[in-house]
Amino acid sequence: MAVDYKQIVTMDSSDFVVLADYVPGIVQEIRYYSTYNFIGDRIDGYEEPCALLTKEAARALKNVSNEVYVQGYRLKIFDAYRPARAVRHFVLWGIEDLDLRMKPYFYPDLEKQELFAQGYIASRSSHSRGSTVDLTLLDMRTGKEVDMGSPFDMFSEISHPDSRDVTPQQYDNRMLLQHVMVRNGFEPIDCEWWHFTLKNEPFPETCFDFPVSAQYLKR
């Protein structure tokens, strides 16, 4: 597979914001800035461990944050805007890289090529359009992530939102997250409980490729 660079039309970051500026209460664990991800290296384009989103998506996520806060939760962000160069890193890893060191932790039951065929990794990602977010809930009473039955980026059927291989409580936790996201304008996907895209996203046909760093934004 290859990234279709005809879709990468701009490096313009003028419609993006630092999510923490809009939603000060979020917790951030930007996995692709770290080495704890399915590849095992920092991903191309992640220059700062911060979440960036379009203004429209950030406003909608602020409403989500306000709604869950009164229920005792905070939002924990794993990924938001993802530059196209990061997607290319994923694709090249899938085609050429023989390194399987993270397989036991993130895709124990699948081969690398199946990650693309089954939709867990896309050769053109909605994240590059700037209005998609990967997130979970943090329980403010315990300071821990809410138990969703599988960790972020576990590429397996158990991570499908409607999986019945999780406990009833874990399923209810997934539905709590999904329902609040949908009420505030986001759409889920069928293979990852953590992944949501703003339904009325402002750039449905545009990919961006500026790095993940606040210094690239016009503030």
Side-chain angles (χ1 to χ4, degrees), residues 1-13 16 19 28-54 57 77-136 150-160 188-197 201 203-217:
M1 296 181 185
V3 175
D4 182 358
Y5 281 96
K6 293 180 181 178
Q7 295 296 311
I8 301 173
V9 299
T10 184
M11 296 280 287
D12 182 7
S13 63
F16 285 72
L19 182 57
Q28 300 183 72
E29 185 183 339
I30 306 302
R31 287 287 187 87
Y32 302 136
Y33 178 82
S34 77
T35 59
Y36 183 54
N37 56 60
F38 65 89
I39 289 181
D41 298 311
R42 182 182 294 180
I43 304 304
D44 292 349
Y46 283 80
E47 297 184 2
E48 188 178 345
C50 68
L52 309 180
L53 278 178
T54 61
I77 310 298
F78 296 115
D79 195 29
Y81 161 69
R82 181 184 306 164
R85 70 190 72 184
V87 180
R88 178 173 172 80
H89 189 166
F90 292 173
V91 171
L92 293 178
W93 168 83
I95 295 172
E96 301 172 357
D97 197 335
L98 300 179
D99 183 1
L100 299 176
R101 63 196 142 124
M102 303 306 284
K103 178 176 171 61
Y105 310 104
F106 292 97
Y107 53 106
D109 302 320
L110 297 174
E111 300 304 319
K112 289 172 66 171
Q113 292 73 21
E114 293 179 289
L115 302 180
F116 295 88
Q118 296 191 24
Y120 295 110
I121 304 175
S123 58
R124 272 202 330 232
S125 175
S126 61
H127 282 274
S128 299
R129 304 196 300 264
S131 296
T132 294
V133 63
D134 293 336
L135 79 172
T136 191
S150 68
F152 168 67
D153 266 2
M154 170 58 70
F155 301 134
S156 166
E157 288 188 6
I158 199 172
S159 293
H160 294 197
I189 59 173
D190 62 6
C191 62
E192 297 173 350
W193 60 257
W194 55 81
H195 178 111
F196 298 89
T197 299
E201 58 182 313
F203 303 106
E205 305 296 334
T206 303
C207 290
F208 296 84
D209 197 27
F210 59 88
V212 176
S213 174
Q215 70 175 332
Y216 292 94
L217 303 189

Open item on the list: Are Phe38 and Phe106 an aromatic pair, judged by ring center distance below 6.0 Å?
Closed with: no
Open item on the list: Centre-to-centre under 6.0 Å for Phe208 and Phe203, is that the case here?
Closed with: yes
TODO: Determine whether Asp153 and Trp194 make a side-chain contact, defined as any pair of heavy atoms from C-beta on separated by less than 4.5 Å.
DONE: yes
Task: Taking every non-hydrogen atom, the tightest pair across Asp44 and Pro83 - done: O-CG, 4.3 Å
- [ ] Rounded to the nearest 0.5 Å, what's the gap from CD1 on Ile121 to CG on Leu115? Could you check?
- [x] 4.5 Å
Task: Heavy-atom closest contact (Cys50 atom, Ile30 atom, distance) - done: N-CG1, 3.7 Å
- [ ] Examine distances only and state if a side-chain atom of Ser159 and a backbone atom of Met154 form a donor-acceptor pair shorter than 3.5 Å.
- [x] yes
TODO: Output, in order, the C-alpha distance, side-chain angles, deciding distance and verdict of salt bridge (charged side-chain N to carboxylate O under 4.0 Å, His left out) for Arg82 and Asp134.
DONE: CA-CA 11 Å; Arg82 181 184 306 164; Asp134 293 336; 3.7 Å; yes
- [ ] For the residue pair Trp93 and Ile43, establish whether any side-chain heavy-atom pair is separated by less than 4.5 Å.
- [x] no
Task: For Arg31 against Tyr36, the heavy-atom pair lying closest together - done: CD-O, 3.2 Å
Task: Asp209 backbone acceptor or donor facing Arg85 side chain under 3.5 Å - done: yes
TODO: Quick one: do Ile95 and Phe116 satisfy side-chain contact (heavy atoms from CB on, under 4.5 Å)? Show the steps, please.
DONE: CA-CA 10 Å; Ile95 295 172; Phe116 295 88; over 6 Å; no
Open item on the list: Check this for me: Glu157, atom CD, are more than 12 non-hydrogen atoms of other residues, nucleotides or ligands nearer than 6.0 Å?
Closed with: no
Open item on the list: Tell me the closest heavy-atom pair linking Leu52 and Pro211, and the distance in Å.
Closed with: CD1-O, 4.2 Å
- [ ] For this output row, return yes or no: ring centroids of Phe152 and Phe78 closer than 6.0 angstrom.
- [x] yes
Task: Closest non-hydrogen atom pair, Cys191 against Tyr120 - done: O-CE2, 3.6 Å
Open item on the list: Could you walk me through whether Arg129 and Glu205 satisfy the side-chain contact (heavy atoms from CB on, under 4.5 Å) test, starting with their C-alpha distance in whole Å, then the side-chain angles of each, then the deciding distance to 0.1 Å, before giving a yes or no?
Closed with: CA-CA 8 Å; Arg129 304 196 300 264; Glu205 305 296 334; over 6 Å; no
Open item on the list: Looking at every heavy atom in both Gly130 and Tyr81, which two are closest together, and how far apart are they?
Closed with: CA-CD1, 4.2 Å
Open item on the list: Has Lys112 got a side-chain atom pairing as donor or acceptor with Leu100's backbone, closer than 3.5 angstrom?
Closed with: no
Open item on the list: Using only atom types and a distance under 3.5 Å, with no angle test, would you say the side chain of Ser13 pairs donor to acceptor with the backbone of Phe16?
Closed with: no
- [ ] Identify, with sequence neighbours excluded, every residue that meets side chain to side chain donor-acceptor pair (under 3.5 Å) alongside Glu48.
- [x] Ser213
Task: Interatomic spacing from CZ in Phe155 to OG in Ser150 - rounded to 0.5 Å - done: 11.0 Å
Task: CG-CD1 distance between Asp109 and Ile158, expressed to the nearest 0.5 angstrom - done: 10.0 Å
TODO: Enter the distance from Glu201:CD to Thr132:OG1 here, rounded to the nearest 0.5 Å.
DONE: 6.0 Å
TODO: Apply the test side-chain hydrogen bond (donor to acceptor under 3.5 Å, both in side chains) to residues Arg42 and Tyr32: give CA-CA distance (whole Å), side-chain angles for both, the deciding distance (0.1 Å), then the verdict.
DONE: CA-CA 6 Å; Arg42 182 182 294 180; Tyr32 302 136; over 6 Å; no
- [ ] Determine whether His127 and His195 make a side-chain contact, defined as any pair of heavy atoms from C-beta on separated by less than 4.5 Å.
- [x] yes
Open item on the list: Taking the basic N atoms (NZ, or NE/NH1/NH2) and the acidic carboxylate oxygens, is any pair closer than 4.0 Å for Arg101 and Asp41?
Closed with: yes
